[in-house]
2 protein chains.
Amino acid sequence: MKQSSDCSSLQLTTTQWALSEAETVCQQRGVRLTELRRRVLEIIWNHSSPLGAYAILDVLRNDGRQGAPPTVYRALDFLLEQGFIHRLASLNVFTGCRQPGAHHSGQFLICRDCGQVDELSNLTVDAALRAEAMARDFEVSAQTVEVLGRCLMCRNEASHHAN
Amino acid sequence: MKQSSDCSSLQLTTTQWALSEAETVCQQRGVRLTELRRRVLEIIWNHSSPLGAYAILDVLRNDGRQGAPPTVYRALDFLLEQGFIHRLASLNVFTGCRQPGAHHSGQFLICRDCGQVDELSNLTVDAALRAEAMARDFEVSAQTVEVLGRCLMCRNEASHHAN
DNA sequence: TAACAATTGTTATTCTATAACATAACATGA
DNA sequence: TCATGTTATGTTATAGAATAACAATTGTTA
């Protein structure tokens with residue numbers, strides 16, 4: 001069994017942890033985490049909330065790198081394929097995956113105010129959806145589970161400003 | 001308790017049923033199901049699979065009606081607000097709601113081959129997501145639950161062509 | 001080094017969605 | 001009925017998201 005390192009047990013930022021995990025997985029799989037791909041992954045993890053493709057492109061251009069949309073989308077496609085990031089369909093944004101390389105679909109709580117995302121792995125949800133699919137002879141290839149709402153901090157903010 | 005009519009118990013097409021339900025709900029709410037809104041709802045229900053906004057626009061233009069994107073999007077916004085249709089975020093398409101007016105989020109099985117959609121109302125999924133949210137002090141405003149895959153018919157098609 | 005594959009650069013285009021303002025239809029009270 | 005305000009639609013332009021197609025570059029391997 002592969003022993004996966006845990007973010008909290010090391011003296012690393014989450015970004016550093018994510019990058020080194022990605023390096024490891026890529027080596028194991030014989031695929032290349034190029035400078036560009038690495039940088040895009042870093043940009044995503046450095047940001048507190050998920051980023052859109054064009055926001056990532058802006059950062060790349062700030063780096064001094066030349067680039068057009070395909071540059072970003074190709075890197076994103078790679079990172080998605082390898083399971084290093086997730087795409088949130090309801091917002092057209094990308095966020096780092098907490099179980100890199102696992103190729104899972106993921107479930108998300110998304111705050112519509114601050115944009116922060118909480119990634120869940122609720123087996124009940126997953127199992128219930130698979131059961132529904134099976135009952136209908138439906139072959140599942142991907143799940144999109146995104147819960148939009150407001151986090152505690154933003155609710156407190158809002159009620160505070162209301163006074 | 002309001003007695004809601006059921007599609008299968010009447011000699012109506014599903015489209016006719018959906019339109020008359022919408023009429024009723026609009027009257028109850030004092031909002032207007034205008035010719036345009038009614039027609040957009042009809043277009044969506046008449047089609048076997050969900051439609052994108054621009055596909056709907058094409059149909060409207062075929063009707064001879066003049067129109068630009070905002071024409072369609074405003075009608076869609078109204079229908080979404082009233083709970084007569086759903087938007088499938090993973091495909092950027094719109095599909096008729098089987099419980100019109102209920103303002104629920106819905107759960108969907110979407111066949112990536114034929115595009116057909118099955119709308120679920122799985123309480124376990126809903127409850128599990130709400131529980132996760134509550135545990136994190138997260139206030140839910142909408143759920144996006146979309147399962148992408150292949151329906152039985154399309155799987156049979158595929159294996160048949162493979163021979 | 002030659003040849004091939006994988007990656008990135010570049011230009012253009014398609015698809016999705018909204019901003020902003022003009023016009024038309026509807027409702028309401030004087 | 002007409003003046004007024006509101007709601008809905010028409011219209012033009014643009015923003016935002018994603019991909020097609022081809023060129024140039026880099027990496028790898030025989």
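Order of the sequence lines fixes the chain letters, A, B, ..., with proteins taken first and strands second; residue numbering starts at 1 for each chain. This structure is a prediction, so every number in the text was calculated from the model and none was measured. Quick note: numbers below take in every heavy atom, side chains included, and nothing from hydrogens, waters or symmetry partners.
For Tyr73(B) against dA19(C), no side-chain N or O and base N or O form a donor-acceptor pair under 3.5 Å. Judged by distance alone with a 3.5 Å cut-off, a donor-acceptor contact links the side chain of Arg74(A) to the base of dG9(C).
Arg87(B) has no side-chain polar atom (N or O) that falls below the 4.0 Å cut-off from OP1 or OP2 of dT16(C). Taking 4.0 angstrom as the limit, Thr34(B) places a side-chain polar atom (N or O) nearer than this to OP1 or OP2 of dT9(D). Dashed line: the shortest gap from a side-chain N or O of Thr71(A) to OP1 or OP2 of dT8(C) is not under 4.0 Å. Proximity of Gln66(A) to the phosphate of dT8(C): no side-chain N or O atom is located under 4.0 Å from OP1 or OP2. Residue Asn92(B) places at least one side-chain N or O under 4.0 Å from the OP1 or OP2 atom of dA17(C).
Between dT12(D), dT10(C), dT8(C), one nucleotide has an atom nearer to the side chain of Leu36(A) than all others, and that is dT8(C). For Arg37(A), the listed nucleotide lying nearest its side chain is dT8(C); candidates were dA18(D), dT8(C), dA17(C). The side chain of Pro69(A) sits closest to dA18(D) out of dT10(C), dA8(D), dA18(D).
Nearest heavy atom pair, residue Ile44(B) against residue Leu51(B), reads CA-CD1, 4.4 Å.
Here Tyr54(B) does not count as stacked on dC15(C), because the ring centres are not under 5.5 angstrom apart with planes under 30°.
When each of Ala68(B) and Val31(B) is assigned the nucleotide of DNA chain D with its nearest heavy atom, Val31(B) is the one assigned upstream, toward the 5' end. Between Val93(B) and Phe78(A), the residue anchored nearer the 5' end of DNA chain C, judged by the nucleotide with its closest heavy atom, is Phe78(A).
Ser49(B) and Gln116(B) share no side-chain donor-acceptor pair at under 3.5 Å. A donor atom on one side chain and an acceptor atom on the other are not found under 3.5 Å apart for Asn122(B) and Gln107(B).
If you take CD1 of Ile56(A) and C1' of dA18(D), they are 13 Å apart, rounded to a whole angstrom. Distance, Asp77(B) CG to dT9(D) P: 12 Å, rounded to whole Å. Following rounding to the nearest Å, Arg38(A) (CZ) and dT7(C) (P) show an atom-to-atom distance of 17 Å. Between the CG atom of Leu76(B) and the P atom of dT18(C) there is a distance of 10 Å, rounded to whole Å. We find that CG of Leu79(A) is positioned 10 Å from P of dT8(C), with the value rounded to whole Å. Per the geometry, CZ belonging to Arg32(A) stands 11 Å off P belonging to dT29(D), to the nearest Å. The interatomic distance linking Leu57(A) (CG) with dA17(D) (P) rounds to 11 Å, in whole Å. Glu35(A) has its CD atom 17 Å from the C1' atom of dA6(C), to the nearest Å.
In this structure, the side chain of Arg29(A) engages the main chain of Gly101(A) through a donor-acceptor pair within 3.5 Å. Judged purely by atom type and a 3.5 angstrom limit, Ser105(A) uses its side chain to pair as donor or acceptor with the backbone of Gln143(A). Distance alone, capped at 3.5 Å, places no donor-acceptor pair between the Arg32(B) side chain and the Gln27(B) backbone.
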